[in-house]
Amino acid sequence: MDFITGFSLQNIKRRPGRTIAVLLFSVLFAAAIFGGTLLIGSMQQGLRVLNSRLGADIVVVPVTAKTKFNVNSVLLQGTPGYFYMERKVLDDVAGIEGVEKVSSQLFLASMTADCCSASLQIVGFDPRSDFAIQPWIRETYGGLLGDGDIVAGSNVRFTDTRMLKFYDVNCKVAAQLAKTGSALDNAIYANEDTVKRLIAASQKKGMNQYNSFDPADVTSTVLVKVKDGYDIEKVTGEINLHVRKVKAVAAKNLISDVAAGLSGLSDMIGICIGVIWILCVLIMMIVFTMLMNERKREFAVLRVLGTSRSMLSRMVVSEAVLINLAGGIVGIALASMFVMLFNTAIGNLLKVPFLMPPVSTILLLAGATLLISVLAGGIISALSAKRISNMDTSLILREGE
């Protein structure tokens, strides 16, 4: 440890009140920058993963679903809900020019009752034609789903027996999916035969608002892959024009609704970060100016004892750097703990996909925040020290007589 650093540490210890005041502003400064940027990054990461999970160019639902349900919430956010249309729609959509692949999904919402382990969205897919859910499942499970097997979202809890009950039908949890940061993590996935069985069980118990159909004759949504070279919006229009009683929506438009909300939140958080940053800098400037004025006599004595202006400035800057370094570390640690502990609650509160970025990105952000915090404190203290060191020492000493 060199002389200047040692002297700075002694000054920090001798004046705990002043040190704590500066430290608090440094903690707030770092927490605002790191925590706010991490929030925005987590929302953007969640949106990217949600987009990849949809896996389709066009989504087709019953026309009544658009008026009776928040289709966006059911399809993208896993909010429990279900609606049905005739299964022949699958062939009608497949016959539209420009359609490359179609795959059906069958929905059911479980109840918060003795018949069910939990209230969850249940999604059935056709393993033979599915191109959306199975790639996601293969990230954690390489086997085939048999009848009665289910795959649980990352937030779904189950016992060591790996069994969950829906409408008094026992299902075995074959695997658990990777986290998406959205309410899709609260859903259950199974093949269509399993979900048809669950729908029939819910009808038998009188717990299904649709009791007049055979589960084998309906589907809830049709996912569409468009051939290369075809315009997605044009194919969407053709489906709406030629297939009766359905509403086709381009997947990017569904995502854009979520993205629009996320953009607004990101802007709001960004503005808050900017306001807090400006306030912290202004307050730190005022605090450092006041502290420098209080220490004028101390600096004057040091100058009389032979301390050069540059050494004096280095001492002051060294103090500020040490305090802001400590404050930055504490601020980053507090913000990290808050976001990591409450990330699920934050996502639910903001109603947007929320997924923490990779560890490498978080570490890079922490390093950048620490650098900004230290530089801000160092620059402000250097400017204040320079102004004081340029003052006439004899005048300063006579002020105290």
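Scope of the values below: all heavy atoms of this structure, side chains included, with no hydrogens, waters or symmetry mates.
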Any side-chain donor near an acceptor of the partner, N324 and S26, under 3.5 Å: yes
Of all pairs that satisfy ring-ring contact (aromatic ring centres under 6.0 Å, His included), the ones with a partner from residues 185-205, not counting sequence neighbours: W136-Y189
Set of residues satisfying side chain to side chain donor-acceptor pair (under 3.5 Å) with respect to Y141, sequence neighbours excluded: none
All side chain to side chain contact (heavy atoms under 4.5 Å, CB included) counterparts of D214, not counting sequence neighbours: A216, D217
Residues that D130 engages under side chain to side chain donor-acceptor pair (under 3.5 Å), provided they are two or more places apart: none
By salt bridge (Lys or Arg N to Asp or Glu O under 4.0 Å) - contacts of R244 (at least two apart): none
Polar contact flag, side-chain donor to acceptor under 3.5 angstrom, E97-Y230: yes
D57: partners by salt bridge (Lys or Arg N to Asp or Glu O under 4.0 Å), with sequence neighbours left out: none
Exercise: identify the closest heavy-atom pair between S373 and G328: OG-CA, 4.2 Å
Acceptor/donor pairs from residues 167-175 side chains to any protein atom, 3.5 angstrom cut, sequence neighbours excluded:
from : atom 1 : to   : atom 2 : distance (Å)
Y167 : OH     : A109 : O      : 2.6
D168 : OD2    : K205 : NZ     : 2.6

Pairs meeting criterion salt bridge (Lys or Arg N to Asp or Glu O under 4.0 Å) with involvement of residues 355-373, two or more places apart: none
ring-ring contact (aromatic ring centres under 6.0 Å, His included) involving F213 - partner list, sequence neighbours excluded: Y84
Residues which pass salt bridge (Lys or Arg N to Asp or Glu O under 4.0 Å) with D193, listed by chain and number, not counting sequence neighbours: none
T236: side chain to side chain contact (heavy atoms under 4.5 Å, CB included) partners, not counting sequence neighbours: I58, I232, N240, A248, A250
Partner set under salt bridge (Lys or Arg N to Asp or Glu O under 4.0 Å) for E192, not counting sequence neighbours: R87
